[in-house]
Amino acid sequence: MKSLNQSLILLCAFAITTGAFAQFPQNQAPDRALESEATIQQRLLGQFLFRSTDLSLDGSQSCATCHREDRSFTDGLVEPPGILGTGGGRNTPTLIAMAHVSKFPGPTVSKKTRSLVTKVMTLEERCLAPIENPLEMASSLKSVLVKLRGIEGMKAKFNAAFGQASHGVTEARLGKALAAYVASLKPRQTRFHRYLAGDTKALSEYERHGYSTFIKNGCGACHHGMGLSDGLMHVAFVPNSRRALRQVTRANEIAFQARAEQGARSLRLPQGGLAKKLFDSLPVRRQGGMCGTPSPQRGGYGGGTTPGQAIEMQTLTLWDVKRTAPYFRDGSEPDLTEAVALHIRDLKEVKSQRRRITEVLSAQSAAGNRPPRELRVSNAFRRKLKTAPDFSSADLDAMIAFLKTLSPGARVTNKPRFSKG
């Protein structure tokens with residue numbers, strides 16, 4: 001049985017992940033006054049394109065369909081339905097502070113072998129990826145450019161944003177405009193910002209204890225810096241765990257449903273594009289209930305033949321975390337406290353099964369099914385994390401209180417009988 005991660009990569013893997021030492025940012029408020037005229041024009045063009053359904057195959061989807069501003073650029077769903085209505089097997093991540101993640105894993109077609117491979121994407125490339133995802137917008141960059149060029153005034157919009165009037169609408173400019181808008185989505189002011197700026201009374205004593213617990217238990221190893229994310233891929237749960245098995249089961253369900261829906265609707269995917277290549281690589285039913293792919297592909301991280309290989313994912317920001325439920329890549333947990341508690345248990349298991357996980361990762365590397373090296377956690381980092389996080393229930397409650405201060409307008413959590421001792 002082949003995991004849909006081979007073809008979904010493939011599509012960006014996010015989850016709440018935690019680790020060891022933190023460097024937190026200072027004030028994160030957007031400063032529009034410092035923007036150049038060109039940056040303003042590119043951001044505004046990107047915002048227009050972000051909301052445009054012309055980026056999708058049938059005009060039913062836009063970036064804003066899943067990344068809603070009123071929900072911190074998530075959609076509140078377990079997983080978005082996509083053009084085919086089948087879901088994509090992953091929860092919609094927030095785009096807040098995405099500008100501070102510089103590298104992303106993503107699928108491409110090898111020019112040499114014409115097979116699917118994984119590459120490191122820039123933010124501009126990552127913003128374009130959903131357009132060619134068959135479970136999201138299911139279009140092609142080529143057809144989208146044709147559509148945009150046919151819209152009156154669009155060429156002028158692109159030239160106003162980028163200059164050089166002869167260039168008009170191009171793929172590179174489309175990616176840059178979308179990335180300019182996404183890069184502008186910074187966290188709004190919170191009490192934790194005020195605390196970092198020197199206002200020690202911005203957090204209650206209880207919330208400060210939660211912050212100390214966060215640091216002491218190493219959560220900042222992954223959640224640090226301006227974006228509260230290191231942008232790297234981490235092993236978040238053990239091979240063949242219930243989570244891994246559920247991912248593979250759901251992946252195959254989506255694949256079968258997508259094929260049936262595509263046939264029922266006679267939806268024609270762009271020929272020769274990445275969308276068609278990814279769709280063709282989805283698992284298919286075989287006699288006797290077995291499943292596989294028409295032609296197995298290499299290069300998709302986590303895309304091996306067993307659920308034990310689908311265990312690595314990229315760190316997500318914690319800004320406004322209390323409003324970005326449901327949590328984890330599969331959107332399986334709606335409650336923040338339960339999500340953090342489950343993640344802590346998962347990390348303890350990962351720590352206790354390090355040798356086994358190393359063997360799985362080595363096998364993945366040999367098969368070409370690991371994230372690009374630039375996105376992997378170094379061995380030196382792993383050696384630093386000598387102990388798994390360890391929380392009492394009281395410490396966990398305090399840390400949840402701290403995490404809520406990463407959202408604007410969060411009420412103060414105070415425990416009158418709280419004692420640090």
For [X] and [Y], indicate whether the former's side chain and the latter's backbone hold a donor-acceptor pair under 3.5 Å.
X: D395; Y: F391; value: no
X: R149; Y: V169; value: yes
X: T190; Y: L406; value: no
X: R356; Y: P239; value: yes
X: T249; Y: L245; value: yes
X: S72; Y: T324; value: no
X: S36; Y: T39; value: yes
X: R191; Y: A202; value: yes

Practice task
I would like to know whether D330 and R246 meet salt bridge (charged side-chain N to carboxylate O under 4.0 Å, His left out); could you show each step before the answer?
Solution key: CA-CA 9 Å; D330 58 7; R246 185 170 59 212; 3.1 Å; yes

Exercise for the section: State, to 0.1 Å, how close E79 and T86 come at their nearest heavy-atom pair, and which atoms those are. Expected result: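 That closest heavy-atom pairing would be OE2-O, 3.9 Å.
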
Problem - Results of side chain to side chain donor-acceptor pair (under 3.5 Å) for E37 - residues two or more places apart only - result: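 E37 satisfies side chain to side chain donor-acceptor pair (under 3.5 Å) with Q41 once adjacent residues are dropped.
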
Problem - Listed once per pair and sorted, the salt bridge (charged side-chain N to carboxylate O under 4.0 Å, His left out) pairs that draw on residues 50-73, sequence neighbours left out - result: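 For residues 50-73, and leaving out neighbouring residues, the salt bridge (charged side-chain N to carboxylate O under 4.0 Å, His left out) pairs sorted by first residue read R51-E69, D58-R265, R68-D70.
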
Handout entry: Pairs touching residues 164-188 that satisfy ring-ring contact (aromatic ring centres under 6.0 Å, His included), sequence neighbours left out
Key =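 Listed once each, the pairs are F50-Y181.
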
Practice task
Would you please classify the geometry between the Y211 ring and the F192 ring as parallel, tilted or perpendicular, with 30° and 60° separating the classes?
Solution key: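 Geometry flag for Y211 against F192: perpendicular rings.
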
Practice task
Salt-bridge test for R243 and E333: reply yes if a basic N is under 4.0 Å from a carboxylate O, no otherwise.
Solution key: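 No, no charged N to carboxylate O under 4.0 Å.
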
Practice task
Using a strict 4.0 Å threshold on nitrogen-to-oxygen distance, state whether E132 and K277 make a salt bridge.
Solution key: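 No.
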
Practice task
With side-chain hydrogen bond (donor to acceptor under 3.5 Å, both in side chains) as the test, would you mind laying out the steps for S143 and S140 before giving the verdict?
Solution key: CA-CA 5 Å; S143 62; S140 72; 2.9 Å; yes

Practice task
May I ask you to check whether R43 and S184 show a side-chain donor-acceptor distance below 3.5 Å?
Solution key: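 No donor-acceptor contact under 3.5 Å links the two side chains.
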
Handout entry: Donor + acceptor pair across side chains of S62, T65 (<3.5 Å)
Key =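 There is such a pair (donor and acceptor under 3.5 Å, judged by atom type) between the side chains of S62 and T65.
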
Handout entry: Residues F158, K176; criterion side chain to side chain contact (heavy atoms under 4.5 Å, CB included); working and verdict
Key = CA-CA 11 Å; F158 272 75; K176 287 180 180 178; over 6 Å; no

Handout entry: Heavy-atom side-chain proximity of F237 to E349 below 4.5 angstrom
Key =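 Contact flag for F237/E349 side chains = no.
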
Problem - V101 and L123: CA distance, side-chain angles, deciding distance, side chain to side chain contact (heavy atoms under 4.5 Å, CB included) verdict - result: CA-CA 8 Å; V101 180; L123 180 59; over 6 Å; no

Handout entry: CA sep, side-chain torsions, deciding dist, call: T315, H234, side chain to side chain contact (heavy atoms under 4.5 Å, CB included)
Key = CA-CA 7 Å; T315 308; H234 294 266; 3.2 Å; yes

